[in-house]
Protein chains: 2
Amino acid sequence: MKSNLKILVVEDDPIIADDICACLIENEYPSVNCAFNYDEAIAQLSQNQFDFVFLDINLNSKHSGINLAIHINENYLIPFCYITSYADVNTIQEVKKTFPVGYIVKPFNQKEIPIVIEIGLENFYKPQLKQTISIQKINKITTSEISQREYDVILKMLDGKNNTEISNELFVSINTIKSHLKNIFVKLNVRSRSEAISVINNI
Amino acid sequence: MKSNLKILVVEDDPIIADDICACLIENEYPSVNCAFNYDEAIAQLSQNQFDFVFLDINLNSKHSGINLAIHINENYLIPFCYITSYADVNTIQEVKKTFPVGYIVKPFNQKEIPIVIEIGLENFYKPQLKQTISIQKINKITTSEISQREYDVILKMLDGKNNTEISNELFVSINTIKSHLKNIFVKLNVRSRSEAISVINNI
DNA sequence: AATTACTTCACCCCTTTGGGTGATTTTGCT
DNA sequence: AGCAAAATCACCCAAAGGGGTGAAGTAATT
């Protein structure tokens with residue numbers, strides 16, 4: 001089954017580049033471009049829509065594969081994987097900050113290539129779980145601390161509930177809810193529930 | 001430099017389990033537990049707080065490592081990596097749906113272990129970018145399509161703007177905004193802007 | 001016991017929101 | 001030109017929201 005993914009391979013050593021490209025084609029990824037240095041890679045990225053990039057770290061030039069990763073992260077939404085000889089702790093600590101979807105150590109095992117593409121793409125486009133916002137996170141943007149009860153009200157409000165619904169669900173009077181909301185808005189420095197919701201969702 | 005990460009290794013073959021554990025300890029991950037089958041892994045997970053899990057796929061029991069991965073995803077917030085002999089397309093297609101942070105093919109290269117832990121953890125806890133919601137995503141939950149102008153109004157509403165602010169920013173009358181919102185609420189099947197915001201934020 | 005903060009509740013009054021009805025203008029397509 | 005959909009606008013009225021004032025009860029702390 002041929003894939004229609006467009007893949008860029010950035011590798012300064014032509015023999016290794018050929019190896020990688022051959023391996024990709026053999027694994028039914030026929031649409032492969034090669035770039036042999038940083039500038040060529042930048043140019044190709046600006047002219048094509050790639051779905052996945054393989055990066056060597058040492059490009060024998062002023063700019064490394066890590067610089068290229070940073071460029072990709074700042075300008076494109078493309079998953080990438082390093083293929084490199086480096087396995088030392090310092091390099092790992094540096095490259096992990098660029099969030100590669102994979103890291104293959106040379107000499108590479110051919111089986112790894114399709115695996116890292118499939119799993120890397122899936123992870124890169126993983127739907128992001130919505131998590132209940134914690135009271136600690138909210139307190140980072142408030143002028144004074146939110147109380148536990150105020151937090152209860154906030155969660156209901158974030159759920160899109162109106163004041164009557166919230167009062168029913170928390171077994172209190174609607175006046176209590178209004179009272180809490182007044183305090184919440186002061187602490188969040190907002191004027192309406194919509195604005196409160198927006199501010200909290202953007203933490 | 002010793003790491004204080006707690007790691008669980010789930011592997012039915014004791015010799016391979018020993019290999020993995022030895023490799024972890026050698027790479028300064030001293031806090032390692034082993035589980036030799038699914039039930040033992042479940043028990044350990046419920047009694048300990050692990051930071052990372054290595055999973056074999058074939059556990060020689062009714063439940064596979066994939067079942068365990070699903071259990072972890074549903075009940076815990078822990079990154080995991082498969083270590084397995086399987087490299088076939090079908091297995092990859094199946095396991096990628098569980099979002100492993102890595103996938104190591106046996107026989108494994110010892111260098112890979114610390115790499116996948118470091119990069120896997122970093123990726124797992126990567127701060128999530130807030131993106132402007134697309135009109136296509138919204139249209140997945142509407143009863144009929146949102147128009148371009150309606151979409152403009154939605155974005156402002158999501159920003160916490162009130163009707164007067166929106167009318168000023170879009171250079172139209174407040175009645176136009178109310179009119180658009182009426183239509184938007186019908187399409188989203190909601191009764192208030194708070195509910196609309198909540199529904200859209202939870203796509 | 002006194003004090004403080006939180007929780008709960010009431011009420012006043014004004015503003016904003018939202019459902020409804022209706023109309024006109026603009027735009028894109030046939 | 002004719003038509004449909006979208007965009008724009010007005011107005012009515014009820015419901016909901018939100019700022020303000022004040023009070024009582026509860027829990028924790030000194």
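A note on names: the letters A, B, ... follow the listed sequences, proteins ahead of strands, and every chain is numbered from 1.
- The shortest distance between the side-chain N/O atoms of A/Arg193 and the OP1/OP2 oxygens of D/dG18 is below 4.0 Å.
- A straight line from CD1 of A/Ile177 to P of D/dG19 spans 15 Å, rounded to a whole angstrom.
- Closest non-hydrogen pair, B/Phe54 versus B/Val116, comes out as CE2-CG1, 3.9 Å.
- Residue contacts shown for A/Ser192 are limited to sugar-phosphate atoms, with no base heavy atom under 4.0 Å away.
- In this structure, A/Ile146 places its CD1 atom 15 Å from C1' of C/dA5, rounding to the nearest Å.
- In this structure, the CG atom of A/Asp152 is 13 Å from the C1' atom of C/dC6, given to the nearest Å.
- One finds the CG atom of A/Asn109 at 8.0 Å from the CD atom of B/Glu112 (value rounded to the nearest 0.5 Å).
- Backbone-only engagement by A/Asn163 is indicated by non-hydrogen atom pairs under 4.0 Å involving sugar-phosphate atoms exclusively.
- Side-chain contact between A/Ile203 and A/Lys140: absent, with no pair of heavy atoms (C-beta onward) separated by less than 4.5 Å.
- At the phosphate of D/dT8, OP1 or OP2 sits under 4.0 Å from a side-chain N or O atom of B/Arg149.
- Both A/Val190 and B/Val172 lie near DNA chain D, and the one whose nearest nucleotide falls closer to the 5' end is B/Val172.
- Side chains of B/Arg191 and B/Phe185 form no contact here, defined as non-hydrogen atoms less than 4.5 Å apart.
- A sub-4.0 Å separation between OP1 or OP2 of D/dA5 and a side-chain N or O of B/Ser147 is absent.
- Screening A/Lys187, A/Lys182, A/Lys156 against A/Glu150 for a salt bridge (charged side-chain N to carboxylate O under 4.0 Å, His left out) leaves a single residue, A/Lys187.
- With C/dG20, D/dT21, D/dT8 as the candidates, the nucleotide lying closest to the side chain of B/Lys182 is C/dG20.
- Between the CD atom of B/Gln148 and the C1' atom of C/dT27 there is a distance of 14 Å, rounded to whole Å.
- Checking the phosphate oxygens (OP1, OP2) of D/dA16, no side-chain nitrogen or oxygen of A/Asn162 falls inside 4.0 Å.
- An OP1 or OP2 oxygen of C/dC9 is reached within less than 4.0 angstrom by a side-chain nitrogen or oxygen of A/Thr176.
- In this structure, CE of A/Met157 is placed 18 Å from P of D/dA16, rounded to the nearest angstrom.
- Between the C1' atom of D/dA15 and the CD atom of A/Glu165 lies a distance of 13 Å, rounded to the nearest Å.
- One can place CD of A/Glu195 at 14 Å from C1' of C/dT16, the figure rounded to the nearest angstrom.
- Between the side chain of B/Lys178 and the base of C/dG19 there is no donor-acceptor pair of N/O atoms closer than 3.5 Å.
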